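Note that this is a predicted model, so its numbers are computed, not measured. By convention in this document, chain letters (A, B, ...) are assigned in the order of the sequence lines, proteins followed by strands, and residues within each chain are numbered from 1. The figures here come from the full heavy-atom set of this structure, side chains too, leaving out hydrogens, waters and symmetry mates.
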2 protein chains.
Amino acid sequence: MMWTPIGSDSTVPIYEQIIGQVVGVVASGGLKPGELLPSVREMAGLLLVNPNTVARAYGELERSGIVESRRGTGMLITPDAPQKSAEMRVAILKDRLRPLLRDALGYGLTASEINRLIELELAATIVSKNHPKSKPANPETN
Amino acid sequence: MMWTPIGSDSTVPIYEQIIGQVVGVVASGGLKPGELLPSVREMAGLLLVNPNTVARAYGELERSGIVESRRGTGMLITPDAPQKSAEMRVAILKDRLRPLLRDALGYGLTASEINRLIELELAATIVSKNHPKSKPANPETN
DNA sequence: GTCAGTGTACTATGTAGGTATAACACTAGT
DNA sequence: ACTAGTGTTATACCTACATAGTACACTGAC
């Protein structure tokens, strides 16, 4: 329930999506310092992804100081992981947001139009999260 | 001035970025029906990109009915290109927005936090567009 | 007719991301 | 000691994307 399978509607590399999920869970208190991340193979099963891809994500999380590798035991959440994760979480979003907003402006849309579009889509995303059965007014995007 | 070179800070394929630029220019009236798109080779020079990549983008634009191929002449903007482009423009943005917003919610952020973050980043993007020389408060994102 | 400039097509090469599979080094529990 | 479960590393293979270079078919202007 804590981890959501990797979808295919994102151009973001899978290993980066995994990093994002871990950072998100840690930042929001779902995992606390001293606890262990799901093992590489277990996480691969949960996310329906190859273990190598998970290993790569874990490796980068270690280089970021979010997690510490314990051979034979698992990946340990570091003491300052919550703080670093909270920072990283907004950094990741900003990095993904920047090209999108630049393009949106390049399309000739005004800032208020862009904001309105985003708020609508955000609302739609929230309701579709609460009612996974029926998709909200989005008949055709093609 | 109408076309901006392809940057490298986007995970979106170059040919899709080109499609986006054309759609944006047409939707905002920068090019009208009956006019010609820059030639494959010329556009490649403007965007600092390989002609093959431009050709692929043009091909998909033709399949979308935005443009019509005239062998030996160029790519002609179709009569209903403005309408189709306007629709496509928001469809593209929505498709890129959806996974981002879903992830943002998954990170444990509230809708208002997300909206605030986006408005800040949007404002920053606008000023950096008007003052390309000095970058706004964004010393390090890594 | 010629020629420059169109779109189009093909082959080859390189890189990044992902999968599949296997092996290795280590730790904890029994 | 044994064993199961850790992280780690390595190889091979595949696909999408992008580049480089070349060639072909067509159009318009001269």
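Comparing B:Q17 and A:Y58, the nucleotide of DNA chain D nearest to each residue sits closer to the 5' end for A:Y58. Nearest-nucleotide mapping onto DNA chain C: of A:R71 and B:M75, the residue sitting toward the 5' end is B:M75. Heavy-atom distances to DNA chain C give each of A:P51 and A:E16 a nearest nucleotide, and the one nearer the 5′ end belongs to A:E16. Comparing A:A55 and A:G72, the nucleotide of DNA chain D nearest to each residue sits closer to the 5' end for A:G72.
Within the 4.0 angstrom heavy-atom criterion, only backbone atoms of the sugar-phosphate kind lie near B:E62; the bases stay farther away.
Set against C:dT8, D:dT19, C:dT19, the side chain of B:I14 has D:dT19 as its closest nucleotide. With C:dG17, D:dC17, C:dA25 as the candidates, the nucleotide lying closest to the side chain of B:R56 is D:dC17. Nearest nucleotide to the side chain of A:N50, out of D:dG7, C:dT19, D:dC26: C:dT19.
Atom CG in A:N52 sits about 15 Å away from atom P in D:dA12, given to the nearest Å. Look at CD on B:E68: it is 15 Å from C1' on C:dT6, rounded to the nearest Å. In this structure, B:E42 atom CD and C:dG7 atom P are separated by 9 Å, rounded to whole Å. When the P atom of D:dG5 is taken as reference, atom CG of A:L76 falls 21 Å away, rounded to whole Å. One atom, CG of A:L48, and another, P of C:dG18, lie 15 Å apart when rounded to the nearest Å. Rounded to an integer number of Å, the gap from CZ of B:R70 to C1' of C:dT6 is 13 Å. Computed from coordinates, the A:R41 CZ to D:dG5 P distance equals 10 Å when rounded to whole Å. If you measure from atom CD of B:E60 to atom P of C:dT8, you get 13 Å, rounded to the nearest angstrom.
Taking side-chain N and O atoms only, B:Y15 has a distance below 4.0 Å to OP1 or OP2 of D:dC17. Under 4.0 angstrom from either OP1 or OP2 of C:dG5 there lies no side-chain N or O belonging to B:S39. The side chain of B:T73 contributes no N or O atom lying less than 4.0 Å from OP1 or OP2 of C:dG7. Remark: B:T53 is in phosphate contact with D:dT19, judged by side-chain N or O atoms under 4.0 Å from OP1 or OP2.
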Is there a side chain to side chain donor-acceptor pair (under 3.5 Å) between B:E87 and B:Q83? Walk through the geometry before answering.
CA-CA 6 Å; B:E87 295 169 1; B:Q83 184 223 346; 2.7 Å; yes

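Side-chain atoms of B:Q21 come within 3.5 Å of backbone atoms of B:T4 as a donor-acceptor pair (strictly under, hydrogens ignored).
B:L122 and B:L109 fall within the same hydrophobic cluster, where Ile, Leu, Val, Met, Phe, Trp and Tyr residues are linked whenever their side-chain heavy atoms come under 4.5 Å apart, directly or through other members. Residues A:I92 and B:V12 do not share a hydrophobic cluster, clusters being chains of Ile/Leu/Val/Met/Phe/Trp/Tyr side chains in contact below 4.5 Å.
A cation-pi contact links B:R56 to B:Y15, judged by a cut-off of 6.0 Å to the six-membered ring centre and 45° from its axis.
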